Every structure is written in C-alpha cells, then in structure tokens.
Q: 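Dropping the structure in here first, questions after.
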Amino acid sequence: MPMKNVKIIGIIFFVALTLNTFSQQIKVVDYKGFEPYIQKDNDTTYIINFWATWCIPCVKELPEFEEVNSEYESEKFKMLLVSLDFKSQIESALIPFIEENNLQAEVILLSDPNSNEWINKINKTWSGAIPATIIYNKNFYYFHEGSMTKTDLEKILTKNLIR
Amino acid sequence: MNNIQTKGLLLTLIALFTLQFSYSQGYKVGDKASGFNLLNVDGNMVSDEQYADAKGFIVIFTCNHCPFSVAYEDRIIAIDKKYKKLGYPVIAINPNDSIEAPADSYSKMIIRSEEKGFTFPYLLDADQSLTKTYGATRTPHVFILKKNDNDLLVEYIGAIDDNHEDAAAVKKKFLEDAVDSLLKGDKPEVDFTKAIGCSVKFAKL
C-alpha cells in the first residue's frame with residue numbers, strides 16, 4: 001500500500017476515534033442515575049442547571065453560567081448542566097450546540113419519561129418548567145425555577161462556598 | 001417587648017404574609033375558574049359562553065415554539081376529536097409574549113394552526129392575564145374544567161400523559177383518564193400531575 005493511502009486511512013481513523021470519544025462524553029442518565037448528583041455530602045458546592053438547547057431563556061442565561069464556572073474554577077465548586085433535550089436529538093442538536101458554544105461545564109442528559117414522579121423528587125416546588133437551578137453543598141440548599149444572572153449566582157456562591 | 005420590636009415583628013409578619021400570598025397564585029383543583037374570551041386564529045373571539053352544550057373544557061396552554069408542545073400536537077388533535085363530541089372540547093391557549101418568543105406571535109399561530117389542521121380554537125392570551133389567573137407556568141399545561149350550574153370548576157391540572165417523547169410508549173393517559181372519570185360522574189383519580197415543559201414567556205416590564 002502506498003504511503004499516502006496509509007496516511008489518509010490513519011487520519012480517517014483518528015478523526016473517527018475523536019468524534020466517537022466526544023459523543024461518549026454525553027452521559028445519558030435516567031432519574032435513578034441522576035439522583036446521586038443532587039445528594040452529595042461534601043465540601044464542594046454544586047450548581048446544577050436544568051436546560052435544553054431549544055429553551056430560549058436557558059440558552060440566554062448559559063453564557064453567564066459559563067463565566068461563573070470559569071471564575072470559580074479554583075474553588076471547591078462544580079457546575080453541572082443537565083440537558084433535557086430529547087434523547088433522539090443528542091447528535092443532531094445537543095452535541096453541535098455544545099461545540100458551537102464551546103461549553104466548558106460538564107453536560108449530561110437526563111432522559112426519563114416519567115417526569116410526573118421525578119420532578120417532585122428533585123424539588124416539590126418545581127412545576128417542571130425550565131430553566132431551573134439547584135445550588136447546594138452539605139450546609140446549604142437553594143432551588144430556583146426561572147432564569148438566573150451571573151450576579152445572582154455570585155451572590156449565593158460568595159456567601160455559601162466552603163473555603 | 002418594646003415598640004420598635006413590635007413594629008419589626010409586625011413588618012416581618014406582613015412580609016411573610018405577602019410572600020405566602022404571591023406564591024399561592026393560580027388555580028388548585030377544586031377552585032372556581034374564570035371563563036375565557038380570547039382572540040382565535042380565525043379572527044373571531046371565542047368565549048366559554050358560546051358552548052351552551054359543552055359539559056366542560058379541556059384547556060391546554062400550548063404554543064408554537066416549544067418542542068414539548070410540538071410533540072403533543074397530534075395527540076391534542078386526537079383528544080379534541082374524541083372528546084368534543086362527548087362534551088369536552090379542547091381550547092388551546094398560547095400564553096407567551098411574542099417579544100420574548102417571536103415564534104409564538106399571532107401571525108405564526110395562524111400559520112401553525114393551518115399547517116397542522118387544528119380542529120380546536122387556538123387562542124391568544126395577549127395580555128397574559130388569563131395565564132396568570134390560571135397559574136399556567138409551562139407549555140403544554142392542561143386545566144380540565146367542568147361546568148357546574150353557572151360555574152366552571154377546575155377538576156384536573158397537569159400533563160397530557162406520561163411520555164412526551166414517544167406517544168407509542170405512553171403508559172398513563174392522565175388527561176383522558178381524568179375526562180373519562182368526569183364523564184362517568186366521578187372525580188378524577190389522579191387530579192394533579194407534573195411534566196417538564198417550556199416556561200411561559202412573560203413580557204418584561
């Protein structure tokens with residue numbers, strides 16, 4: 001086989017492998033698989049944001065969430081973006097969105113049709129509308145249905161981070 | 001307790017009461033509902049009073065842009081066809097502000113209604129007051145109303161069924177079960193459910 005062909009095949013393999021690794025990064029969980037994320041009992045403060053690529057106010061607030069994520073990188077802090085996109089649209093909508101917007105916070109997909117049961121388990125006051133956000137650590141818990149700004153997040157973090 | 005403390009306590013109580021009050025907006029099952037008189041996609045006003053023969057209404061807050069609403073469009077048409085003749089017509093109401101959600105403007109509602117061949121009125125709650133009175137927070141959001149003499153009673157609030165993504169995988173048809181119970185003269189067994197949905201887009205002040 002000529003050297004050129006080997007190179008091309010090599011590149012194709014490399015690209016395929018990279019793409020494959022990327023799509024594996026979107027973890028898909030049902031409620032049972034998701035529950036541990038909202039029940040951690042340690043020094044880390046978690047911001048858990050429920051969103052979707054088609055949700056206008058979610059997409060609007062994401063850049064501010066991302067800014068907070070990078071600003072608090074050195075703290076005991078972790079941001080998780082829980083996408084409620086349809087499972088069938090991971091490849092067509094979710095991954096392209098993450099790439100285009102260069103999202104740095106971890107994204108997982110919560111796919112569990114029985115939302116009538118798990119919405120209450122996440123928070124009894126939640127109607128199910130998104131965006132919605134949980135901020136918590138072992139000493140503190142906050143839930144908010146609706147948009148949040150960078151200022152909102154910073155205010156809560158500054159007061160409640162465990163340093 | 002001195003005067004300042006008393007005043008402070010009083011203010012706190014008032015504040016707490018106001019907070020409580022502002023959280024309890026919207027209907028609960030069993031409440032009397034206000035009727036509707038809103039602009040339909042055909043240019044006419046549609047009011048509950050025009051439905052002399054109806055036993056009640058399946059009011060669904062829904063819209064164009066929300067994928068959950070879109071996923072339910074065919075199911076809503078089927079529900080309307082099935083229950084209209086039994087006395088429970090579907091009344092779809094778009095609760096969204098068209099500046100916040102341009103895809104939900106009146107003209108886009110007309111287009112969507114024609115594309116899908118909606119068999120039910122698709123009304124615009126232009127000032128969003130009905131949406132607030134009912135307490136609709138997401139789309140789709142269902143309120144089943146039963147006529148009782150001159151009143152409309154809220155009998156069910158919540159989701160259409162338990163699987164937005166796959167109509168074929170639905171196990172519980174919350175809405176249909178509730179209407180079936182009402183038609184038999186019973187109270188719905190499940191009268192309140194939740195579902196993920198798009199938030200209602202309220203106008204910015």
Side-chain angles (χ1 to χ4, degrees), chain A residues 28-31 34 48-62 81-94 96-97 108-134 143-149, chain B residues 23-26 61 63-72 95-104 131 134-142 156-175 177 190-202 204:
Chain A
V28 180
V29 289
D30 60 5
Y31 179 73
F34 172 68
I48 296 176
N49 174 250
F50 299 92
W51 70 292
T53 57
W54 43 257
C55 161
I56 307 166
C58 304
V59 170
K60 219 181 258 177
E61 73 176 359
L62 268 185
L81 304 177
V82 182
S83 159
L84 293 161
D85 281 270
F86 293 0
K87 207 173 170 181
S88 56
Q89 290 172 2
I90 296 179
E91 308 291 330
S92 62
L94 184 57
F97 182 92
I108 63 170
L109 184 93
L110 172 55
S111 175
D112 192 329
N114 199 7
S115 54
N116 181 44
E117 290 191 2
W118 57 256
I119 289 170
N120 276 336
K121 289 182 185 163
I122 289 176
N123 191 292
K124 283 211 165 84
T125 68
W126 189 14
S127 81
I130 54 173
T133 300
I134 297 173
F143 174 84
H144 178 76
E145 175 172 331
S147 300
M148 291 187 80
T149 64
Chain B
Y23 271 111
S24 58
Q25 275 181 348
F61 291 89
C63 66
N64 290 351
H65 92 271
C66 173
F68 286 89
S69 294
V70 174
Y72 273 111
N96 287 336
D97 176 68
S98 64
I99 294 169
E100 294 298 313
D104 295 331
T131 304
Y134 275 55
T137 58
R138 57 173 194 271
T139 52
H141 202 163
V142 178
Y156 171 85
I157 299 175
I160 294 170
D161 58 41
D162 68 354
N163 197 322
H164 61 267
E165 206 168 341
D166 185 0
V170 168
K171 291 198 192 82
K172 288 179 195 149
K173 296 184 170 181
F174 301 125
L175 184 162
D177 291 347
V190 177
D191 59 15
F192 183 84
T193 58
K194 288 185 177 183
I196 293 294
C198 306
S199 55
V200 169
K201 308 298 182 289
F202 287 105
K204 295 256 156 58

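Proteins get letters first, then strands, A, B, ... in listed order; numbering begins at 1 in each. Since this is a predicted model, take the numbers as computed values, not measurements.
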Q: Please give me the minimum heavy-atom distance between B:Ile196 and A:Ile119, naming the atom from each residue.
A: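 Shortest heavy-atom contact: N-CD1, 3.5 Å.
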Q: In terms of heavy-atom proximity below 4.5 Å to chain A, should B:Ala195 be classed as side chain, backbone, both, or neither?
A: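 Both parts, backbone and side chain.
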Q: Could you tell me which of A:Ala129, A:Ala132, A:Pro131 has the largest number of non-hydrogen atom pairs under 4.5 Å with chain B?
A: A:Ala129
Q: For the candidates B:Ala71, B:Ala159, B:Cys66, B:Gly197, which exhibits the highest count of non-hydrogen atom pairs separated by less than 4.5 Å from chain A?
A: B:Gly197
Q: Output all donor-acceptor pairs under 3.5 Å across chain A and chain B; consider backbone as well as side chains.
A:
| from | atom 1 | to | atom 2 | distance (Å) |
| --- | --- | --- | --- | --- |
| A:Lys87 | N | B:Glu165 | OE2 | 2.8 |
| A:Ser88 | N | B:Glu165 | OE2 | 3.4 |
| A:Asn116 | N | B:Lys194 | O | 3.4 |
| A:Asn116 | OD1 | B:Lys194 | N | 2.7 |
| A:Asn120 | OD1 | B:Lys194 | NZ | 2.7 |
| A:Lys124 | O | B:Lys194 | NZ | 2.7 |
| A:Trp126 | O | B:Lys194 | NZ | 2.7 |
| A:Ser127 | O | B:Arg138 | NH1 | 2.4 |
| A:Ser127 | OG | B:Thr137 | OG1 | 2.8 |
| A:Gly128 | O | B:Gly197 | N | 3.0 |
| A:Ile130 | N | B:Gly197 | O | 3.3 |
| A:Ile130 | O | B:Ser199 | OG | 3.1 |

Q: For B:Cys63, enumerate each residue passing the disulfide bond (SG atoms under 2.5 Å apart) test, keeping only those at least two apart in sequence or located in another chain.
A: none
Q: Checking A:Ile130 against chain B: side chain, backbone, both or neither under 4.5 Å from a heavy atom?
A: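 Both parts, backbone and side chain.
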Q: Among all residues two or more places apart in sequence or in another chain, which pass the side-chain contact (heavy atoms from CB on, under 4.5 Å) test with A:Val59?
A: A:Phe97
Q: Heavy-atom distance under 4.5 Å to chain A: side chain of B:Ala169, backbone, both or neither?
A: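 Answer is neither: B:Ala169 stays 4.5 Å or more from chain A.
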